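Here's the structure we're looking at; comments come further down.
Computed from a predicted model, the values in this text were never measured in an experiment.
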Amino acid sequence: GLHKKQLDNVLQGLLPQHAVSRLMLGDPVLDVSQNTTVSLCDIYDFEQWSTKVLPLNAVHAISTMVSEFDRRLLKLGLLKVKARGDRYLCATMTSPSPDPTKLVTETLKMFRFTVFQLETIDALNRSSLDVPCQSRIGVHTGPTFAAIVGTHGISYDMFGSAITTVSNMVLQQRPNTVSASICCLH
């Protein structure tokens with residue numbers, strides 16, 4: 001069977017560290033915040049793009065992007081919420097009552113991460129993709145709540161108006177653009 005250390009490693013690969021710690025203590029995992037900065041990166045017209053490249057090349061491109069994004073996210077201390085096919089959702093660490101200085105610092109980290117995402121996609125397009133992919137990235141600050149959901153294939157997921165707003169922002173964008181709501185600047 002799995003030893004406690006192995007189980008911890010598996011859980012930390014699936015869930016944020018703070019969620020794993022609370023889960024191991026038997027505490028409920030529910031994070032509520034009025035000021036979470038979220039970022040959503042979307043591969044524009046993914047279905048059309050994926051028909052123009054070999055499946056192996058599409059998988060390689062998405063895997064490379066997600067792996068690079070994950071590495072940088074950890075360095076910046078941001079939270080990966082979900083990577084699903086053509087979308088990568090991340091957030092600042094939620095706090096019920098953040099101080100204004102921390103909120104600004106965390107939001108600036110998110111903008112640095114967004115620049116990194118653009119650079120990563122550009123480098124991938126130049127180095128290995130015969131059919132370049134295009135992205136759309138949105139950044140918004142607003143209310144969220146997050147929790148561990150499910151019993152089989154559990155995940156840490158985030159909900160709330162900030163997620164809905166950033167999703168709608170991205171859907172309305174032209175390819176190769178970044179949009180940020182005015183809420184990020186307050």
Side-chain angles (χ1 to χ4, degrees), residues 2 6 9-17 19-20 36-93 106-140 144 146 148-150 152-159 162-181 184:
L2 287 175
Q6 291 170 312
N9 289 340
V10 169
L11 284 174
Q12 288 176 20
L14 299 173
L15 305 170
Q17 175 59 47
V20 171
T36 303
T37 300
V38 295
S39 172
L40 178 64
C41 178
D42 171 73
I43 302 304
Y44 177 75
D45 204 7
F46 180 76
E47 291 76 19
Q48 182 67 24
W49 173 78
S50 64
T51 65
K52 295 178 182 177
V53 296
L54 294 171
L56 185 61
N57 291 349
V59 169
H60 171 74
I62 297 299
S63 179
T64 300
M65 278 186 242
V66 169
S67 296
E68 290 297 317
F69 294 172
D70 287 352
R71 276 192 279 283
R72 182 55 62 99
L73 204 68
L74 285 173
K75 283 183 184 177
L76 290 171
L78 297 171
L79 177 66
K80 177 180 176 178
V81 178
K82 187 182 295 189
R84 186 206 56 166
D86 60 337
R87 299 184 128 207
Y88 191 97
L89 177 66
C90 59
T92 56
M93 294 298 198
E106 293 293 305
T107 301
L108 288 173
K109 283 184 194 179
M110 188 62 76
F111 282 113
R112 282 195 292 278
F113 181 68
T114 299
V115 170
F116 176 79
Q117 287 179 303
L118 293 170
E119 292 170 346
T120 300
I121 293 168
D122 183 56
L124 190 61
N125 281 335
R126 284 186 282 109
S127 68
S128 64
L129 288 177
D130 48 337
V131 179
C133 65
Q134 299 175 311
S135 65
R136 302 178 293 189
I137 301 174
V139 182
H140 176 70
T144 61
I148 294 176
V149 294
H152 180 74
I154 65 170
S155 67
Y156 180 84
D157 211 344
M158 190 171 281
F159 310 91
I163 305 301
T164 304
T165 299
V166 79
S167 294
N168 290 335
M169 288 168 57
V170 166
L171 289 174
Q172 296 173 23
Q173 286 176 238
R174 291 186 318 268
N176 297 324
T177 59
V178 175
S179 64
S181 71
C184 294

Report summary line: In short, M110 meets S39 closest at the heavy-atom pair SD-CB, 3.4 Å
Requested in this report: Report the relative orientation of the aromatic rings in F69 and Y88; use parallel for angles under 30°, tilted for 30 to 60°, perpendicular for over 60°.
Outcome: perpendicular
Query raised in the report: Just by distance, do the side chain of S67 and the backbone of T64 share a donor-acceptor pair under 3.5 Å?
Result: no
Query raised in the report: Is any side-chain heavy atom of T144 less than 4.5 Å from a side-chain heavy atom of F159?
Result: no
Query raised in the report: Passes side chain to side chain contact (heavy atoms under 4.5 Å, CB included), I43 versus Q134? Steps please.
Result: CA-CA 6 Å; I43 302 304; Q134 299 175 311; over 6 Å; no
Requested in this report: Specify the closest pair of heavy atoms between M169 and S181, including all atoms of both residues, with the distance to one decimal.
Outcome: CE-N, 3.7 Å
Query raised in the report: Is any side-chain heavy atom of C41 closer than 4.5 Å to a side-chain heavy atom of I121?
Result: yes
Report summary line: For A91 and V81, the nearest pair of non-hydrogen atoms, with its separation, is CB-CG2, 4.1 Å
Query raised in the report: Can a donor-acceptor pair be found between the side chains of T92 and T36 at a distance below 3.5 Å?
Result: no
**Report entry** Euclidean distance, F111 CZ relative to E106 CD, rounded to 0.5 Å
**Finding:** 13.0 Å
**Report entry** Partners passing side chain to side chain contact (heavy atoms under 4.5 Å, CB included) against V59 (at least two apart in sequence or in another chain)
**Finding:** none
Report task. Spell out, as yes or no, whether a donor-acceptor pair under 3.5 Å connects the side chain of S50 to the backbone of E47. Result -> yes
Requested in this report: Please examine the side chains of F46 and I62, heavy atoms only from C-beta on, and report whether any two atoms are closer than 4.5 Å.
Outcome: yes
Report summary line: d(S63 OG, L56 CG) to nearest 0.5 Å is 10.5 Å
Query raised in the report: Just by distance, do the side chain of K82 and the backbone of L89 share a donor-acceptor pair under 3.5 Å?
Result: no
**Report entry** Short side-chain to backbone donor-acceptor contact, Q173 and I137, under 3.5 Å
**Finding:** yes
Query raised in the report: Is a salt bridge present between D86 and R84, judged by a nitrogen-to-oxygen distance below 4.0 Å?
Result: yes
Query - Closest contact, heavy atoms only, I148 versus A19 - result: CD1-CB, 4.2 Å
Query raised in the report: Between the side chain of D42 and the main-chain N/O of R87, is any donor-acceptor distance below 3.5 Å?
Result: no
Report summary line: Looking only at heavy atoms, the pair that brings R136 and P175 closest together is CG-CA, 4.0 Å
Report task. Check I154 against G150 and note the closest heavy-atom contact, atom names and distance. Result -> CG2-O, 3.1 Å
Query raised in the report: Is F113 close to C90 at the side-chain level, that is, under 4.5 Å between some pair of heavy atoms?
Result: yes
Query - Approximate separation, where rounding is to 0.5 Å, of H140 NE2 and N168 CG - result: 10.0 Å
Query raised in the report: Measuring from L74:CG to L79:CG, what's the distance to the nearest 0.5 Å?
Result: 10.0 Å
Query raised in the report: Would you call V139 and S179 a side-chain contact if the rule is heavy atoms closer than 4.5 Å?
Result: no
Query raised in the report: Sub-3.5 Å donor-acceptor pair from the side chain of T120 to the main-chain atoms of M65, do we have one?
Result: no
Query raised in the report: Can you tell if the side chain of S155 reaches within under 4.5 Å of the side chain of V149, non-hydrogen atoms only?
Result: yes
Requested in this report: Working to the nearest 0.5 Å, report the span between CZ of R72 and CZ of R112.
Outcome: 10.0 Å
Report task. Kindly say whether V131 contributes a backbone atom to a donor-acceptor pair with the side chain of W49 at under 3.5 angstrom? Result -> yes
